[in-house]
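To start, the structure itself, in structure tokens.
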There are 2 protein chains.
Amino acid sequence: MIARLKMRPGKRTNDPDGLRKRVLDVAEASFQARGYHASSLGDLMAAAGVTGGALHHHFPTKKALALAVIEERVSAAVEETWIAPVQAAGSAREGVRGVFEAVAAELEQQGFVRGCPLNNLAHELSLADADFRAALAGIFSAWRQAIADKVRADQQAGREQDTDPQRFAALAVATYSGAMSMAKTTQDSGVLRDCLNALEQGASSVSSSKGAGANRRRRMLRQHKAF
Amino acid sequence: MIARLKMRPGKRTNDPDGLRKRVLDVAEASFQARGYHASSLGDLMAAAGVTGGALHHHFPTKKALALAVIEERVSAAVEETWIAPVQAAGSAREGVRGVFEAVAAELEQQGFVRGCPLNNLAHELSLADADFRAALAGIFSAWRQAIADKVRADQQAGREQDTDPQRFAALAVATYSGAMSMAKTTQDSGVLRDCLNALEQGASSVSSSKGAGANRRRRMLRQHKAF
DNA sequence: GACAAAACAGGACAACCGGTCTGTTTATAA
DNA sequence: TTATAAACAGACCGGTTGTCCTGTTTTGTC
């Protein structure tokens, strides 16, 4: 057969950073939507427009790729969604409420719930591999630490004297994680507002029993298309 | 080569129910420890001592097996761990506290955290398949419903007038789910007690700030062997 | 005992997976 | 330019996966 014309003579352009970013983008999205084990490298390569050689050059193994997603993307997502807003808020309590409301609003207009990026990967990978677990546990730790530190700052300003920083942080993170878990499974983001309201009920006035069910909104979200 | 003696002439004994139970036992354990996608039917067959033909006879596909695990085992676990104890408790609040403490105590003596059976599968499967999600969402719903019903029973007895049943139930389930998620990732069950204490802090006396950190126990759990 | 259906055995198979390998092209520095 | 390493291409491979298929054995029923 006739020798093929060596492809298009169009020159190749090396862009290691861009290629790496493209792979991470695709891997992050697929790991969140389908999970780690259900995402094949072949699919990722096709979606990112990357060959096997290039992928292997940047990420020698699938585990290395997932570790990079956790350390660079999941960590950044928690930092951006939770840590920075809480630090910038007027108080720890206001910060937590703000994040709950912001995420709830985002989910309501998005129309579907992908779940919490950290918890999604944590459930699938934390028991499977020690390196995965260490990376994921570190993000959880930083998350809780940021909230606890904010409580301590409040206390130094004379507020929240009866609040235990560690416990408050644990409760905030756990409630959010669990609410997102339920929201993802039921595809109903209303549980986020339910949890937020229930959290604030203890410190609020006694008006919670009157008309409590009136302003509670509940909405089923439309089916999303994965990935 | 010499013709093999057709195995041991020991008669075979059909035991469809027993075999099905064995497969479900192994599948439940493996799905919890390794996850659905990471569990191969070959491993399950070997662990259960079952041939491919027998497995296929009872569960035509892997999905059918997982669905059976969810509907028969995960559902029963939630019923046993949460619904029945809450219904038997003196009040919804006592019931929730009792379950938190019972699970915390169990984890502390077990030495490792496998996580919540429902949440473990929910995270991996709820976005992957509509049937999975429906089954898992139903369990979440029954869970919340049982707690909310208990609050309503309390209210008919003149208690918890300021508590919204739905919100209280959502908060309890979310906090537990999230706490178990964190405990699984960090392999530290202390977060369960942190969350429980924080939940009850709102209704407790002001003694929480004094010596709050003294009696809080925190322990790292030893590595577990999966499966 | 005869018969049918359920229960089980065990091999076969095609598709797919992750990783490796060799070779070529591009960028960098001397 | 030339040497050198990084960046990328693309085929290849051994192993595994879930499922299917044919055949045999057991069980229940008349």
Side-chain angles (χ1 to χ4, degrees), chain A residues 1 3-24 26-27 30-31 34-69 124-125 128-129 131-132 227, chain B residues 1 3-24 26-27 30-31 34-69 124-125 128-129 131-132 227:
Chain A
M1 66 186 70
R4 292 192 37 178
L5 258 338
K6 219 55 173 74
M7 283 300 262
R8 208 66 46 77
K11 299 286 282 293
R12 194 185 81 198
T13 309
N14 284 1
D15 181 17
D17 293 342
L19 188 145
R20 196 186 127 95
K21 180 186 182 315
R22 254 187 300 150
V23 172
L24 283 177
V26 166
S30 183
F31 288 165
R34 308 181 188 178
Y36 172 78
H37 288 100
S39 299
S40 78
L41 294 182
D43 292 341
L44 300 185
M45 283 162 47
V50 167
T51 64
L55 177 62
H56 180 262
H57 177 74
H58 290 274
F59 307 100
T61 64
K62 189 182 182 183
K63 172 180 171 178
L65 173 58
L67 229 34
V69 167
E124 187 178 4
L125 300 179
D129 184 277
D131 294 326
F132 283 147
F227 194 32
Chain B
M1 65 188 73
R4 294 192 35 178
L5 259 336
K6 215 59 170 74
M7 280 302 260
R8 207 70 44 75
K11 301 286 280 294
R12 192 184 82 198
T13 310
N14 284 0
D15 181 18
D17 292 342
L19 188 143
R20 195 185 126 96
K21 179 187 182 314
R22 253 187 301 149
V23 172
L24 282 178
V26 167
S30 183
F31 288 166
R34 309 182 188 179
Y36 172 79
H37 287 101
S39 299
S40 78
L41 293 181
D43 292 341
L44 299 184
M45 283 162 47
V50 167
T51 64
L55 177 62
H56 180 262
H57 176 73
H58 290 275
F59 306 99
T61 64
K62 189 181 182 183
K63 173 181 172 178
L65 173 58
L67 228 34
V69 168
E124 186 179 4
L125 300 179
D129 184 277
D131 295 324
F132 283 146
F227 196 52

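On a predicted model such as this, the values are computed, not experimentally measured, just so you know. We name chains A, B, ... by the order of the sequence lines, and we start the count at 1 in each one.
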Of all the nucleotides listed ([options]), which has the minimum atom distance to the side chain of [X]?
| X | options | value |
| --- | --- | --- |
| B:N14 | C:dG18, D:dT27, D:dG18 | D:dT27 |
| B:S40 | C:dG18, D:dT17, C:dC8 | D:dT17 |
| B:R12 | D:dA7, D:dT19, C:dA9 | C:dA9 |
| B:T13 | D:dT27, C:dG19, C:dA7 | D:dT27 |

Figure out the [atom1]/[atom2] separation between [X] and [N], and round it to whole Å.
| X | N | atom1 | atom2 | answer |
| --- | --- | --- | --- | --- |
| B:L55 | D:dC20 | CG | P | 12 Å |
| B:F59 | D:dT17 | CZ | C1' | 19 Å |
| A:L19 | D:dC8 | CG | P | 5 Å |
| B:H57 | C:dA9 | NE2 | C1' | 13 Å |
| B:R34 | D:dT17 | CZ | P | 10 Å |
| B:M45 | D:dT19 | CE | C1' | 11 Å |
| A:D17 | D:dA6 | CG | P | 15 Å |
| B:H58 | D:dC20 | NE2 | P | 17 Å |

Item checked: Validation row: B:V26, B:V50 side chains within 4.5 angstrom (heavy atoms) -> no
Check: Hey, does B:L44 have a side-chain heavy atom less than 4.5 Å from the side chain of B:S30?
Finding: yes
Checklist line | Intermediate values then yes/no, side-chain contact (heavy atoms from CB on, under 4.5 Å), A:K63 and A:F132 | finding: CA-CA 9 Å; A:K63 172 180 171 178; A:F132 283 147; 3.7 Å; yes
Next item on the list: State whether the side chain of A:E124 and the backbone N or O of A:G35 hold a donor-acceptor pair below 3.5 Å, judged by distance alone.
Entry: no
Checklist line | Minimum heavy-atom distance B:A68-B:F59, with the two atoms named | finding: CB-CE2, 3.8 Å
Next item on the list: Please report the closest heavy-atom contact between B:K62 and B:L41, naming both atoms and the distance.
Entry: CG-CD2, 3.9 Å
Margin query: As a test of understanding, state which of B:L19, B:L24, B:V23 forms a side chain to side chain contact (heavy atoms under 4.5 Å, CB included) with B:H58.
Written below: B:L19
Note to self: By nearest heavy atom, map B:T51 and A:Y36 onto DNA chain C; which one lands nearer the 5' end?
What the structure shows: B:T51
I'd like a list of close polar pairs between nucleotides 20-22 of chain C and the protein, N/O only, cut-off under 3.5 Å.
none

